[in-house]
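Taking it in order: structure first as structure tokens, then the write-up.
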Amino acid sequence: MMTKNKYFNRKESIICLFMAILFVFTNSISTSPLYRLTDRLNDSYIFQIIGKYWNGNQIPYVNLFDHKGPLIFFINAIGYKITGNRYGVFLIQIAFMYITIVFTFRMFRDVFQNHIAFILTVISLVGISPLYQDGNLTEEYILPFLMMSFYFFEKWTTQLSEGYSRHKTIAAFTYGLTFGVAVMTRITNAIGICFIVLFVMIILIKNQEWKNLFQNMGSFIAGCLLILLPFIIYFQMHGILQEMWFGTIGFNIEYLINSTNFVKHTSLLRRIYSFLLAYSSYFMAFAGIYVVTKKKSRFIGIFMITTSAVTTFMLATGRNYEHYYMICLPYLVLSIIELKKALHLNTKFIWKLNARKIIMICLVPCLLTGMIYLIRLYRVFSMPESDSDAIYEVMLPVQENDSFVAWDFSPYLYLKYDIEPCYKYFILQPSQGNMSKKLESDIYKTFENGNAKWILVKDGTQDKIQDILDERYDIIKRVQGNNGELLLYSLHSR
């Protein structure tokens with residue numbers, strides 16, 4: 001029997017907040033006070049750098065470039081505005097994770113008793129730990145919106161099975177917010193919400209709920225514009241809206257096309273590992289196959305199968321980074337809920353699984369992936385920074401206000417030494433250039449026409465700008481690092 005929904009009381013709220021603090025504190029390697037800055041390649045450091053200097057009038061896409069939507073930079077800008085360092089971002093992460101946990105628990109509580117709902121919530125968090133990577137990534141910030149959307153969608157499908165098809169406009173407004181966040185972070189984060197909107201439209205059209213359909217369309221558009229318009233207006237006022245759309249959408253289309261070649265050269269072990277991390281999506285497909293056999297839940301079963309299939313295809317044909325799969329958390333939650341409801345209705349003994357057995361089904365993959373992440377955390381704590389001493393030595397001539405840029409280095413360098421990049425393209429220049437001919441040309445022109453006083457390179461990686469370095473720069477310092485020789489170039493004095 002489904003548990004009667006109750007109000008969210010103070011005790012439950014405090015428990016969810018504690019879980020959010022504990023999760024972010026132990027998992028967010030890039031922002032948590034528990035961890036030092038490391039020289040590992042980390043997208044979070046890129047977002048922090050752009051956010052930090054956005055506060056100082058360095059505008060994304062024009063002064064500092066990365067191929068993500070502006071919302072992720074804005075969140076980091078707020079974090080640095082609050083505390084002046086990465087701990088402000090850490091506080092924002094806790095707030096977002098709290099909302100994610102609250103709606104995860106509320107979805108589980110609709111069909112399970114409170115204590116089982118909390119256990120399942122904890123298991124779900126353990127399961128997404130290895131997907132969280134270093135924290136402060138785009139998927140983390142869309143998760144609360146996805147969980148809210150799936151929460152509303154699941155409640156509506158329950159009503160639908162009872163013959164009530166009208167859809168609440170507040171839910172459509174939430175879908176619009178979610179889609180807007182996806183567009184302003186990373187567009188592939190919108191897979192789940194696109195299928196929700198599609199299936200809601202199909203049912204409303206099928207049942208000729210025209211008034212409700214247009215009401216929901218208006219609410220969806222309103223929610224979407226609430227996220228999109230502030231950024232569109234801001235970048236249009238600065239005359240760089242086209243640059244924003246290129247960094248948010250245009251470059252990522254080229255990135256996706258070129259990622260196909262990346263997948264072809266991915267090792268078998270890496271593919272197996274990525275396959276395991278996508279367990280939430282597969283689980284929803286398998287659950288959907290069973291759920292679709294029940295007459296009252298056929299609609300939600302079809303949704304589960306199709307959404308899982310498209311999500312798996314989209315993510316598998318990309319670069320398969322672990323954090324991409326965080327958007328599948330609502331899939332896991334929805335699967336458990338729908339299985340519980342379907343199994344309860346089945347009269348055959350073989351399918352009479354109770355809540356404990358459902359928990360065990362989900363527990364194994366969640367705990368396995370959680371163990372993988374614990375091993376990863378141990379490595380972060382125990383392994384020293386690979387070139388920290390060498391970098392410190394080679395950076396000695398660089399003064400506080402000198403113009404500086406590093407070629408193909410980890411972005412942590414700018415944060416650790418509190419150096420503002422003087423060029424728009426300040427990280428991963430060869431990789432970004434390989435993804436876009438337009439960008440490759442723009443990167444070269446930036447270094448050709450720029451006057452950075454210092455350029456730091458790792459010997460053997462600078463072939464694309466070697467002619468510029470030979471013509472306009474001198475090697476001032478050489479230091480042997482663990483992974484190659486570090487070269488500090490100085491601009492010719494005039």
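Since the model is a prediction, treat every value here as computed from it, not as a measurement.
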### Message
Within the structure provided, determine whether Met19 and Thr121 are in side-chain contact (heavy-atom separation under 4.5 Å).
### Response
yes
#### Entry: Gly135 backbone acceptor or donor facing Ser28 side chain under 3.5 Å
no
### Task
List in chain and number order the residues that pass side chain to side chain donor-acceptor pair (under 3.5 Å) with Ser281, two or more places apart in sequence or in another chain; answer none if no residue qualifies.
Ser308, Thr312
### Task
Work out which heavy atom in Ile99 is nearest to a heavy atom in Pro144; give both atom names and the distance.
CG2-CB, 3.7 Å
### Message
Closer than 4.0 angstrom, basic N to acidic O: yes or no for Arg109 and Glu12?
### Response
yes
#### Entry: Quiz item: cation-pi between Lys68 and Phe47, 6.0 Å / 45°
no
### Message
Ring centroids only, cut at 6.0 angstrom: are Phe173 and Phe220 within range, meaning strictly under it?
### Response
no
#### Entry: Criterion side chain to side chain contact (heavy atoms under 4.5 Å, CB included) on Phe145 and Ile193, from CA distance to verdict
CA-CA 9 Å; Phe145 297 93; Ile193 198 63; over 6 Å; no
### Task
Would you check if there is a donor-acceptor pair between the side chains of Asp134 and Ser44 at a distance under 3.5 Å?
no
#### Entry: Distance-only side-chain donor-acceptor flag, Tyr151 / Thr174, under 3.5 Å
no
### Message
Holding to side chain to side chain donor-acceptor pair (under 3.5 Å), I want the full list of residues that pass it with Thr169, two or more places apart in sequence or in another chain.
### Response
none
### Partners passing ring pair (Phe, Tyr, Trp, His ring centres under 6.0 Å) against Phe152 (at least two apart in sequence or in another chain)
none
### Task
Please check if any side-chain donor atom of Tyr80 sits under 3.5 Å from a side-chain acceptor atom of Gln48, or the reverse.
yes
### Tyr423 atom OH, neighbour heavy-atom count above 12 within 6.0 Å
yes
### Task
Can you see which heavy atom on Gly69 is nearest to which on Ile72, and at what distance?
O-CG2, 3.1 Å
### Query
Taking Thr293 for the side chain and Ile289 for the main chain, is one N or O donor matched with an acceptor at less than 3.5 Å?
no
### Query
Taking only residues two or more places apart in sequence or in another chain, which ones pass ring pair (Phe, Tyr, Trp, His ring centres under 6.0 Å) with Phe96?
Tyr141
### Query
Is a side-chain donor-acceptor pair under 3.5 Å present for Tyr132 with Gln93?
yes
### Message
Applying salt bridge (Lys or Arg N to Asp or Glu O under 4.0 Å), can you list everything that pairs with Lys424, at least two apart in sequence or on another chain?
### Response
Asp442
### Task
List in chain and number order the residues that pass side chain to side chain donor-acceptor pair (under 3.5 Å) with Tyr414, two or more places apart in sequence or in another chain; answer none if no residue qualifies.
none
### Query
With Val183, which residues qualify under side chain to side chain contact (heavy atoms under 4.5 Å, CB included), at least two apart?
Phe179, Ile187, Leu228, Trp245
## Note on the structure
Residues passing the side chain to side chain donor-acceptor pair (under 3.5 Å) test with Tyr87, sequence neighbours excluded, are none
#### Entry: Crowding at CD, Gln159 (>12 non-hydrogen neighbours, <6.0 Å)
yes
### Message
Filter on salt bridge (Lys or Arg N to Asp or Glu O under 4.0 Å), then keep only pairs touching residues 240-252, sequence neighbours left out; what's left?
### Response
none
### Verdict with supporting geometry, Met284 and Ile305, side chain to side chain contact (heavy atoms under 4.5 Å, CB included)
CA-CA 7 Å; Met284 187 165 80; Ile305 294 169; over 6 Å; no
### Message
Restricting to ring pair (Phe, Tyr, Trp, His ring centres under 6.0 Å), what partner residues turn up for Tyr61, sequence neighbours left out?
### Response
Phe73, Phe235
#### Entry: Ring center gap for His167 and Phe153 short of 6.0 angstrom
no
### Query
For Phe286, does the CZ atom sit with more than 12 other heavy atoms under 6.0 Å from it, leaving out its own atoms?
no
### Sequence-distant partners of Lys437, salt bridge (Lys or Arg N to Asp or Glu O under 4.0 Å), two or more places apart
Glu440
### Message
Is there a side-chain contact between Lys168 and Trp156 in this structure, where contact means two heavy atoms from C-beta onward sitting under 4.5 Å apart?
### Response
no
### Task
Find out whether the Lys NZ or Arg CZ of Lys438 is both under 6.0 angstrom from the six-membered ring centre of Phe251 and within 45° of the ring's axis.
no
### Query
Phe105 and Phe118: aromatic ring centres closer than 6.0 Å?
yes
### Task
Output every pair passing salt bridge (Lys or Arg N to Asp or Glu O under 4.0 Å) with a member in residues 136-145, not counting sequence neighbours, ordered by first then second residue.
Glu139-Arg186
### Query
Salt bridge check: are Lys341 and Glu154 linked by an N-O gap of less than 4.0 Å?
yes
